[in-house]
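Since we're looking at a predicted model, the values are computed, not measured. Sequence positions, counted from 1, serve as the residue numbers for this chain.
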Amino acid sequence: MVSSVEKVIAVIMVGGPKGTRFRPLSLNLPKPLFPLAGHPMVHHPITACKTIPNLAQIYLIGLFEEREFALYVSSISNELKVPVRYLREDKPHGSAGGLYNFRDLIMEDNPSHIFLLNFDVCCSFPLPGMLEAHRKYGGIGTVLVIKVSAESANQFGELVADPTTKELLHYTEKPETFVSDQINCGVYVFTPDIFTAIQDVIMHRKDRESVFLSTLVLLCFFSRSLPPDFVRLDQDILSPLAGKKQLYTYETLDFWEQIKTPGMSLKCSSLYLTQFRVASPHLLATGNGTTTATIVGDVYVHPSAKIHPTAKIGPNVSVSANARIGAGVRLVNCIILDDVEIKENAIVNHSIVGWRSSIGKWSTVQAVGDYNAKLGITILGEAVTVEDEIVVTNSIVLPNETLNVSVQDEIIL
């Protein structure tokens, strides 16, 4: 039986402000706060953590300025009735090093287990099931895994697990040759012994550094290696501990994606909207096409948005706060951000429309809908104006631009 006083801590790694692959959307706000299905990207793993039994605290660890997360952290803490706190790193420490850097704070509640999640993965986060399986396995940690196609596996960390015991036998990060169609999902649960494993890596590096310092020739080599306190969870922890009855796997048969680009954010917004249909149907919009707009499929509309009854919205559409959608507008497979105006009879398809942008009458903003291609979706940055009767296709438009001619397959600077 599990003790009723047992506590669990959740830690979500939110990265830093570079976010180059997510531009121009990350020019306005931290990528973790970019909305998917009407809620910040990090909101989805946070709310999933709420399902963990005996959850005591949620920590967000990253390199962003604290002020950028202050309002959201306060809001989500009140909403979930669980303390959420942002911890800012002074420098990059790696996925495991960042956890270790705040070990004293994380261990204040004397937790029996620690969940570690990456914010930029999209899945159903089966955390209670992981915890139950982890207790049965009895190791230091359990890794969420999923099977993918053999062609795409080398983009991720590939692993081999015992089919019966589920022990992690072998782990390699983005191998050049095929190892396995099972990959690491970036979601873990550990016992506090994980801190000892990380400390062992740090101490080993420091010992090696002292040896190198005694030899001038080797000093040049060491200067190019990783700092002792920069510890990667995959290469430095998972790979060495594999096959030692310390790590186990828990397979999800549900959806999973990695959110590295704006294109993938649009795909993942769709996945979360589909999940809402089962888990939170009250979050989805409805409409009959008479007194309200016609709603097709899974659609999120912020309560403050204004949509003309003759508009047709969906499937896979998220409309953010204070957006204004005019008569006869058609929205399909798109994210409409705060304060956007879309005028009469405009069409938006496979696109993300940035904050305070405007799309003119009879204009079309569209793309082929290839979520992995650089120009597979159209992105309008903040305060972009598309004038009347303009067609924008497969393009990225940086903030504060005005388009008065049609463009295709372009990046507008």
Side-chain angles (χ1 to χ4, degrees), residues 23-29 33-40 262 265-266 269-270 273 284-287 289-367 377-408 410-413:
R23 292 177 181 170
L25 302 174
S26 58
L27 296 174
N28 295 80
L29 83 173
L33 298 181
F34 182 80
L36 305 182
H39 300 275
S265 74
L266 184 53
S269 187
S270 173
L273 286 170
L284 296 176
T286 58
T290 53
T291 57
T292 56
T294 300
I295 302 296
V296 180
D298 300 320
V299 172
Y300 170 86
V301 176
H302 191 275
S304 64
K306 293 179 173 57
I307 301 180
H308 195 276
T310 60
K312 189 174 182 180
I313 315 294
N316 179 27
V317 173
S318 175
V319 180
S320 299
N322 301 311
R324 302 175 301 285
I325 312 300
V329 167
R330 183 72 176 101
L331 303 181
V332 186
N333 296 308
C334 59
I335 296 174
I336 309 300
L337 296 172
D338 294 356
D339 302 304
V340 165
E341 181 178 16
I342 303 179
K343 298 179 181 178
E344 294 93 308
N345 301 307
I347 298 172
V348 181
N349 187 16
H350 294 304
S351 302
I352 298 175
V353 181
W355 307 264
R356 299 189 296 111
S357 291
S358 173
I359 299 176
K361 300 175 183 179
W362 296 100
S363 289
T364 299
V365 176
Q366 63 186 1
I377 70 166
T378 288
I379 303 169
L380 305 185
E382 181 182 20
V384 168
T385 298
V386 178
E387 295 191 348
D388 295 349
E389 301 180 24
I390 298 298
V391 179
V392 183
T393 304
N394 302 333
S395 296
I396 297 174
V397 184
L398 267 65
N400 303 305
E401 294 289 335
T402 296
L403 299 183
N404 52 23
V405 295
S406 296
V407 296
Q408 180 171 348
E410 290 191 39
I411 298 176
I412 309 295
L413 302 176

Reported OG-to-CD1 distance for the pair S320 and I336, which is rounded to 0.5 angstrom | 8.0 Å
If only atom types and distance count, is the side chain of D298 paired as donor or acceptor with the main-chain N or O of N316 below 3.5 Å?
-> no
Name all residues meeting the salt bridge (charged side-chain N to carboxylate O under 4.0 Å, His left out) criterion together with E344; count only those two or more places apart in sequence or in a different chain, and write none if there are none.
-> none
Test V353 against L337 for side chain to side chain contact (heavy atoms under 4.5 Å, CB included), laying out the working first.
-> CA-CA 6 Å; V353 181; L337 296 172; over 6 Å; no
If a pair satisfies ring-ring contact (aromatic ring centres under 6.0 Å, His included) and one of its residues is in residues 297-317, list it, with sequence neighbours excluded.
-> H39-Y300
Set of side-chain hydrogen bond (donor to acceptor under 3.5 Å, both in side chains) partners for T294, sequence neighbours left out | none
CD/E341 to OG/S357 distance, rounded to the nearest 0.5 angstrom?
-> 11.0 Å
What distance separates S406 OG from I390 CD1, expressed to the nearest 0.5 Å?
-> 4.5 Å
Between T378 (side chain) and N394 (backbone), is there a donor-acceptor pair under 3.5 Å?
-> yes
Quick one: which of I377, V391, V332, N333 gives a side chain to side chain contact (heavy atoms under 4.5 Å, CB included) with Q366?
-> V391
In I359, V340, I325, the residue satisfying side chain to side chain contact (heavy atoms under 4.5 Å, CB included) with V348 is I359
Taking only residues two or more places apart in sequence, or in another chain, which ones meet T364 in a side-chain hydrogen bond (donor to acceptor under 3.5 Å, both in side chains)?
-> none
Partners meeting side-chain contact (heavy atoms from CB on, under 4.5 Å) with V407 (sequence neighbours left out) | V392, S395, L403, E410, I412
Taking only residues at least two apart or on different chains, which pairs with a member in residues 343-367 satisfy ring-ring contact (aromatic ring centres under 6.0 Å, His included)?
-> none
With no hydrogens and no angle check, is any side-chain donor or acceptor of R324 less than 3.5 Å from a backbone partner on N322?
-> yes
Which heavy-atom pair separates P24 from G381 by the least distance, and what is that distance?
-> CG-CA, 4.3 Å
Under 4.5 Å between any side-chain heavy atoms of L36 and S318, yes or no?
-> no
Salt bridge (charged side-chain N to carboxylate O under 4.0 Å, His left out) assessment of R356 paired with E382 | CA-CA 6 Å; R356 299 189 296 111; E382 181 182 20; 3.0 Å; yes
Taking L331 as the fixed residue, which of V317, V299, V365 is the one that meets the side chain to side chain contact (heavy atoms under 4.5 Å, CB included) rule?
-> V317
